[in-house]
Every structure is written in structure tokens, then in C-alpha cells.
Number of protein chains: 2
Amino acid sequence: MSTKKPSSSSNITIRDVAQLAGVSPATVSKVLNGIPYVSPDTHARVQAAVEQLQFRPNSIARSLKMSRTSTLGLITNDLEGVFTMSMMRGVEEVAAEQGFSVFLCNSYGEPERERAHLQVLLDKQIDGVILMNGFRVHERGAPALSLGNMPVVYLFQYTRTSGIPSVIPDDFGGAVTGTQHLLDCGHQRIGVINGPPNYEATHIRLAGYRQTIEAAGLTFDPALVRAGKWYESFGYALTNDLLSQAEPPDSLFCMSDSLAVAAMSVVRERGLNIPRDISVVGFDNRAFAGHQTPPLTTVKLPLVEMGRLAGELLLQAIKAGKPADEIYRVPCELIQRASTRLMASPESGVN
Amino acid sequence: MSTKKPSSSSNITIRDVAQLAGVSPATVSKVLNGIPYVSPDTHARVQAAVEQLQFRPNSIARSLKMSRTSTLGLITNDLEGVFTMSMMRGVEEVAAEQGFSVFLCNSYGEPERERAHLQVLLDKQIDGVILMNGFRVHERGAPALSLGNMPVVYLFQYTRTSGIPSVIPDDFGGAVTGTQHLLDCGHQRIGVINGPPNYEATHIRLAGYRQTIEAAGLTFDPALVRAGKWYESFGYALTNDLLSQAEPPDSLFCMSDSLAVAAMSVVRERGLNIPRDISVVGFDNRAFAGHQTPPLTTVKLPLVEMGRLAGELLLQAIKAGKPADEIYRVPCELIQRASTRLMASPESGVN
DNA sequence: CTGAAAGCGCTAACAA
DNA sequence: TTGTTAGCGCTTTCAG
């Protein structure tokens with residue numbers, strides 16, 4: 001009894017092609033791999049044979065010989081994280097473009113699982129691996145398993161000590177962009193609804209906000225800032241609180257779209273119009289941002305782009321040697337919708 | 001010049017182990033694969049050598065020999081679909097449990113890309129593949145490429161003609177559950193906010209609703225039903241319209257959580273209390289459902305479970321031969337939260 | 001320009 | 001119980 005299951009891919013090998021074309025297997029291999037010094041004539045005969053037999057080279061055999069698998073690993077700590085999918089899409093996209101497949105692994109944030117997955121991936125001879133955080137930019141140490149000289153890239157997390165290239169969003173720049181936009185709209189008292197203190201983004205975005213308003217000659221006023229958690233249910237109280245003070249803000253920069261949705265709802269309940277009476281800017285550019293009434297202006301987290309960059313860095317490392325082990329900060333673009341209104345510039349405005 | 005890049009996994013082979021243990025490679029292979037008839041003594045020596053050398057078998061070589069890769073393919077038409085992640089998690093979970101890795105591929109719904117991915121996966125000798133729809137249960141035809149006898153499972157999509165096992169949610173049963181719950185709460189006029197007609201779920205869920213109220217002796221009233229699209233922005237007008245009629249419904253069954261969120265907001269704006277004045281039930285059990293005020297009672301789409309089942313069916317087919325090519329409908333459970341209130345049963349109630 | 005030969009690391013008869 | 005042998009399907013010197 002043969003234990004070999006009938007492979008679904010046809011069982012024709014390079015020898016069959018060689019035989020049909022009347023050449024040696026070595027020659028077939030050469031035309032398959034585009035190695036020069038093959039006469040046009042043989043080249044054509046081989047190609048015809050390949051065609052006729054519908055031959056597909058067995059990439060396992062090739063991998064065994066070459067020690068390359070054209071395969072990447074992608075390990076995430078949270079497969080259901082809010083930001084996971086888009087980054088994954090970016091990674092998958094570049095990988096597919098360059099003929100690579102990607103293994104998907106979920107570590108649930110447990111080092112032991114990360115180790116186990118890395119071990120399997122190492123056994124399967126993948127060419128490189130991306131370690132991705134699904135919901136929070138964070139500094140972390142080395143991979144849970146020593147990877148020898150296999151290329152690694154960190155995504156949505158970073159390290160300063162392990163010599164691993166890292167791709168993260170430019171939260172600071174994003175906050176600057178959002179704040180500047182509100183400033184450009186003519187606002188002077190920009191309120192902030194922020195996330196929890198155990199997220200780096202919370203602090204970095206606030207810093208970006210602060211620097212921008214100060215650069216505009218305004219004074220940073222802690223009374224305009226509230227912080228809680230990222231999701232909607234926290235936005236209601238925070239916004240109500242912020243708007244209840246004597247000198248309420250004239251605009252709101254919410255550091256997540258979920259918070260912005262809550263904020264808009266509170267603003268509406270108070271009988272104010274967005275953007276006439278008050279502008280609202282979000283952060284993230286989640287799918288629902290464009291479906292709000294009015295559609296939410298927001299600072300976009302460049303997730304797909306980040307995934308792509310991580311993939312590109314990894315492939316580059318695989319093909320050409322280690323890329324600079326820097327921290328790559330991808331810019332966050334402002335997505336302008338209807339929850340803010342650009343005022344006429346002073347020069348062109350009505351006097 | 002060697003083109004062989006220094007493999008990150010150590011280069012020790014089964015021969016090194018054999019040598020150190022003073023046995024033949026074949027013997028090492030036997031203990032590695034748990035084949036009996038190896039003396040306890042040699043077994044121990046081999047294991048010691050494996051340990052000492054930190055030996056890890058090269059799974060590429062093993063795959064070449066055995067024509068099995070312990071690898072699955074997962075192709076989705078929408079990597080960023082709302083339901084994609086959870087199903088993926090289920091698949092990844094069972095795969096990892098059984099020592100399989102999964103290749104992730106995005107076809108963007110284009111047959112040409114599906115074909116290309118399948119081709120690559122076939123070349124890489126995967127053991128089986130799951131074709132998953134990321135956002136909509138739909139009937140579809142055969143895979144874009146003939147897969148020979150490689151096992152396939154459809155997930156969140158199905159076929160009646162291609163002999164492929166399919167896993168989908170029991171939308172009908174879910175609608176029955178949700179409706180029955182509202183009935184149990186004592187409601188008599190259950191309004192429905194539904195999705196667009198080009199989704200099968202729209203019709204199936206409505207049918208489930210209808211059958212349930214009719215089974216309870218009530219008459220199906222089209223005036224209680226509204227339909228638009230799945231997402232929030234459509235929920236406002238639909239709900240307002242529904243509540244504005246002469247005899248408004250006493251409860252709302254929204255066929256998506258997004259619609260339910262909109263409905264709740266409208267209800268609140270009209271000064272009604274949930275659940276005192278009106279109950280609201282959603283569908284899907286999205287992450288945000290539990291964060292609403294009040295937390296939303298909803299019918300859960302069993303996405304992780306479906307992913308797991310699809311994975312299990314596939315692995316079973318790989319290991320033991322094709323499973324019955326049926327359509328597996330996974331039940332939708334009611335997640336009871338605070339937007340509905342179970343009334344005391346008639347018997348035990350105050351007279 | 002082409003082919004013969006060796007071997008990637010492993011498993012599976014078959015013999016001993 | 002163990003070892004010898006013969007490949008899996010491919011690539012790559014190296015000789016012709």
C-alpha cells in the first residue's frame with residue numbers, strides 16, 4: 001500500500017517534460033529558470049512540452065534544493081484586533097505581488113504560542129517573518145525564539161534594542177495634522193477627548209496637539225483635555241463634561257473615531273450643529289467614520305500602507321540583505337469630510 | 001559561490017543525529033516518527049542525541065518524500081470584511097491545534113486572483129483549502145481552478161452543485177430565536193428593520209420572523225417591516241418611519257447591530273426608554289453591541305464556531321477522506337443584554 | 001549550448 | 001530490532 005496520497009497537482013515531473021522535448025532534465029530546468037545559453041530552438045521545444053503537459057514545477061522539491069520557500073510568516077497577537085485586518089491586507093498584497101505566500105499565525109499575545117509558531121515556521125523554512133501587534137503600538141523585546149539570521153520586521157510595535165526594523169504610524173504627525181486643520185478652520189479652543197494612559201498613542205498624540213497649538217501662539221489649557229478609554233461608551237461622559245464648563249471648546253479633536261461618534265452624538269443632543277457650531281475631528285479612519293451624519297473628518301491611520309511597507313522591508317531583507325534597522329513612521333493623512341468646515345482664508349474672506 | 005543561503009534553522013540533519021547516537025538514519029527516522037519495534041535502549045540514545053544537537057527535522061524534505069505539508073489554504077474574497085477576522089480566527093485555531101499552518105490569500109472577489117492563488121497553493125502542495133466569503137452568505141459555483149481531489153470547504157458561502165461541504169450560519173433559526181425572545185418579553189407588534197434585498201440573509205431572516213409570529217397566532221403585518229442597507233446611517237430614517245405610524249411597534253428586531261444602534265438612538269431621541277417602553281434586538285453580535293447604552297441584546301452570528309467547523313471538516317477530509325458534502329448550518333445564539341427585558345411568565349406573574 | 005551525475009534531507013521497503 | 005538502498009523532484013557543477 002502506498003502512503004503517498006495521489007497529489008492533486010499532476011504528477012508530471014521535469015523528466016517527463018525532458019523526455020517529450022527530447023532534452024535532458026537539466027536543460028528543462030534551465031529554461032524554466034530563465035538561465036541563458038539555451039538555443040532558441042531547444043527553448044521553444046521545451047516550452048511547447050511544458051505547455052502540452054501542463055507541467056507545473058513542484059515547489060517543494062525546489063525549496064528543498066534551494067533552501068528558499070517564497071513564504072513569509074505573519075504572527076499577530078490579536079487576530080481580531082481592530083487594526084489587524086487592514087495591516088494584514090497590506091502584507092498579503094505585496095507578498096502576492098512578489099510571488100510570496102504568507103502563513104497566518106495567532107499568538108494571542110502569549111510568548112509561548114509565539115515561540116511555538118516561530119518554531120513551526122522555522123521548520124517550514126519560511127524566508128522571513130513579520131511580528132504584528134493587532135491593536136496597540138508598543139515597544140517590545142526580541143522575538144520569543146531566536147531566529148538566527150532569518151529576517152524579521154515588527155509591525156505596529158517596535159524595538160530599539162533588538163536591531164529589528166519596525167513600522168509604526170506617525171502618531172505625533174497625525175495629531176499635528178488634525179490640530180492644524182482645526183486651527184485652519186479658525187478654531188481657538190480645541191478640546192481633546194483622549195484614550196487611556198497605558199497607550200503610548202495617548203501621550204504622543206497629546207504632545208502633537210500641544211506643540212501645534214503652542215506653535216500657533218495659543219496656550220495649552222489642561223481644562224480642554226479629557227481622557228478615558230478608546231471606545232464609544234466613554235465618549236459620552238467625557239464630552240458632556242468638556243462641554244459643560246464655563247468656557248467650552250469651540251471644536252473637538254477626538255483621538256479615536258469611536259470617541260468622535262460619541263462626541264457628535266452629545267453635541268447633537270445639546271442642540272448644536274456640526275460643523276456650524278462646533279467642529280469634530282476623529283482619529284483612525286475606521287470604516288464607519290464616513291457613514292456618520294455628518295461624515296466624520298478624521299486622521300487616517302495608514303494601516304494598509306504600513307502593512308505594505310513592512311512586507312516590502314521584509315522582502316527586501318530576504319532578497320538583498322538586512323535593511324536599516326530603523327523605526328519607520330508612516331505619515332497619517334487627514335481625511336476631510338463634513339464634520340469640519342474650512343473657513344475662507346483671512347485674505348480672501350469677507351471683511 | 002553557493003546560492004544556498006545559510007538556513008536560519010540549524011543545518012544538522014538526521015545523519016548527524018544518527019552518527020552521534022551510533023545508529024543509522026533510518027533508525028532515527030523511526031524514533032522521530034514513533035514507529036514501534038525500536039529497542040528502548042536505542043530509542044533513548046537517539047532521543048538524547050536529538051536533544052543534545054537541538055535537532056529539528058526539515059519539514060520540507062519530509063514533505064517532498066511524503067507529499068503532505070501539514071498546510072492549509074484560506075482564500076477570502078474580502079480580507080477586510082466585517083466577518084472575516086472571526087472566522088479566520090476559528091480556522092487558524094483548529095489548524096494550530098492539529099499542527100497545521102494556514103496560508104492566507106485575498107482574492108478581492110476576482111476569479112482570476114482566486115485562480116492564481118489556487119495555482120500557487122497547489123504548487124506548494126497544500127493539503128486542503130477553505131474558500132471563505134468575508135461579508136455575505138451566497139451560493140457560488142466551483143472553485144476558479146480545478147482542484148483534482150484536494151479537499152475543499154466553503155465558508156460563509158455554499159454550493160448545491162459542486163459537492164463541496166459548506167458552512168454557513170443558521171439565519172433562519174437566528175431570526176426565530178430573536179423573534180421568540182421578543183414574544184417571550186410580551187411584545188405583540190414586533191417591528192423589523194432589515195437589510196437590502198440582494199442579501200439572502202435579508203429574506204431568510206424575515207421568513208424566520210414571519211413564521212415565528214404566525215406560529216404564535218399573530219398576523220404578519222408588512223407595515224411593521226422596513227428594509228434598506230445594513231449600516232447605521234440607514235437605520236435612522238427607517239426607524240423614524242416605522243415609529244411614526246398610527247400604531248407603532250412595541251419592539252424592534254433589527255437585522256444587524258449597526259441598524260440596531262441607529263434604532264436605539266432614534267428611540268432615545270423620541271424620549272422613549274429602552275427597554276421599558278420599547279425593546280430592541282440586534283443581529284450579528286458585533287464588538288460594539290455590548291458597549292451601547294443600554295447594552296444590546298442581539299442574535300450572535302457564530303463566526304468563530306463556523307471557522308472552527310470549517311477547519312475541522314477540512315482536516316477530517318484530509319485525514320480520513322471526504323466528509324459528507326452537506327450544507328452545515330451553525331445555530332445562532334441569543335446574547336441577552338439590557339435592551340430587552342424578560343417579563344415574568346404569565347403563570348408566575350402578579351394577577 | 002547540452003547532458004551526466006550528485007545530492008538537498010528525509011522515509012520506506014526490504015534484507016539482514 | 002537495525003541498516004542498506006533507493007528514491008521524492010528539482011538544481012547545479014562540470015565535462016563534453
Side-chain angles (χ1 to χ4, degrees), chain A residues 1-47 49-50 53 55-70 122-125, chain B residues 1-47 49-50 53 55-70 122-125:
Chain A
M1 176 195 90
S2 166
T3 53
K4 175 177 172 179
K5 82 157 190 243
S7 154
S8 45
S9 75
S10 51
N11 273 336
I12 26 176
T13 78
I14 207 172
R15 308 181 81 88
D16 300 319
V17 178
Q19 190 166 1
L20 178 59
V23 297
S24 77
T27 302
V28 175
S29 174
K30 278 169 199 151
V31 345
L32 252 30
N33 294 291
I35 290 167
Y37 301 113
V38 176
S39 81
D41 181 55
T42 23
H43 193 282
R45 282 217 314 292
V46 169
Q47 214 134 49
V50 166
L53 261 30
F55 169 73
R56 298 240 100 217
N58 178 331
S59 72
I60 296 286
R62 190 192 299 238
S63 291
L64 178 58
K65 187 69 188 166
M66 319 245 287
S67 301
R68 287 188 297 98
T69 51
S70 295
L122 234 31
D123 290 348
K124 291 205 167 142
Q125 310 259 71
Chain B
M1 178 194 89
S2 166
T3 53
K4 175 175 169 180
K5 82 157 191 242
S7 153
S8 45
S9 77
S10 51
N11 272 335
I12 27 178
T13 78
I14 207 172
R15 308 183 80 89
D16 300 319
V17 178
Q19 191 167 0
L20 179 59
V23 298
S24 78
T27 303
V28 175
S29 174
K30 277 169 199 150
V31 346
L32 252 30
N33 294 292
I35 289 166
Y37 300 114
V38 176
S39 81
D41 181 57
T42 24
H43 193 281
R45 282 216 315 292
V46 169
Q47 213 135 48
V50 165
L53 262 29
F55 169 73
R56 297 239 101 217
N58 179 331
S59 72
I60 296 286
R62 180 180 297 196
S63 290
L64 178 58
K65 184 71 188 167
M66 318 244 290
S67 301
R68 288 188 296 99
T69 52
S70 296
L122 235 30
D123 290 348
K124 292 206 167 140
Q125 311 257 72

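Numbers restart at 1 for each chain; the letters A, B, ... are given by sequence-line order, proteins then strands. These figures come from a predicted structure and were not determined experimentally.
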Does [X] reach the main-chain N or O of [Y] with its side chain, forming a donor-acceptor pair under 3.5 Å?
| X | Y | value |
| --- | --- | --- |
| A/Lys30 | A/Tyr37 | no |
| A/Ser29 | A/Pro25 | no |
| A/Ser24 | A/Thr27 | yes |

Quiz item: Checking all strands, does A/Thr42 fall into the base, sugar-phosphate, or nothing category for heavy-atom contacts under 4.0 angstrom?
Solution: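 Sugar-phosphate only.
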
Quiz item: For A/Ser29, which contact category applies under a 4.0 Å heavy-atom criterion: base, sugar-phosphate, or nothing?
Solution: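 Base, at least one base heavy atom under 4.0 Å.
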
Minimum-distance nucleotide (side-chain atoms of [X] versus [options]):
| X | options | answer |
| --- | --- | --- |
| B/Asn11 | C/dC1, C/dG9, C/dA12 | C/dG9 |
| A/Asn58 | D/dC10, C/dC1, D/dT11 | D/dC10 |
| B/Thr27 | D/dC10, C/dA12, D/dT2 | D/dT2 |
| B/Lys30 | D/dT2, C/dT2, C/dG3 | D/dT2 |

Whole-Å distance separating the [atom1] atom of [X] from the [atom2] atom of [N]:
| X | N | atom1 | atom2 | value |
| --- | --- | --- | --- | --- |
| A/Lys124 | C/dC8 | NZ | C1' | 19 Å |
| A/Gln125 | C/dG9 | CD | P | 9 Å |
| A/Tyr37 | D/dT12 | OH | P | 17 Å |
| A/Arg62 | C/dG7 | CZ | C1' | 17 Å |

Quiz item: Got a second to check how far B/Ser67's OG is from A/Asn58's CG, nearest 0.5 Å?
Solution: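 Going from the OG atom of B/Ser67 to the CG atom of A/Asn58 covers 7.5 Å.
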
Quiz item: For C/dG9, does either OP1 or OP2 sit under 4.0 Å from a side-chain N or O belonging to B/Thr13?
Solution: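 For C/dG9, OP1/OP2 do not have a side-chain N/O of B/Thr13 under 4.0 Å.
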
Quiz item: Hey, is the side chain of B/Ser39 poking within less than 4.0 Å of OP1 or OP2 on D/dT2, counting only N and O atoms?
Solution: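 Yes, B/Ser39 has a side-chain N/O under 4.0 Å of OP1/OP2 on D/dT2.
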
Quiz item: Is B/Lys65 side chain donor-acceptor paired with the D/dG9 base, going by distance under 3.5 Å alone?
Solution: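 For B/Lys65, whose side chain was compared with the base of D/dG9, there is no donor-acceptor pair (under 3.5 Å).
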
Exercise. Hey, which sits more toward the 5' end of DNA chain D by its nearest nucleotide, B/Asp41 or A/Ile14?
Key: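 Nearest-nucleotide comparison on DNA chain D picks B/Asp41.
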
Quiz item: Start at the 5' end of DNA chain D and walk down; is the nucleotide closest to B/Leu64 or to B/Ala26 reached first?
Solution: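 Looking at the nearest nucleotide for each, B/Ala26 comes out on the 5' side.
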
Quiz item: Hey, which of A/Leu20, A/Ile14, A/Ile12 is the one that makes side chain to side chain contact (heavy atoms under 4.5 Å, CB included) with A/Asp16?
Solution: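 Testing each of A/Leu20, A/Ile14, A/Ile12 against A/Asp16, the sole residue satisfying side chain to side chain contact (heavy atoms under 4.5 Å, CB included) is A/Ile12.
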
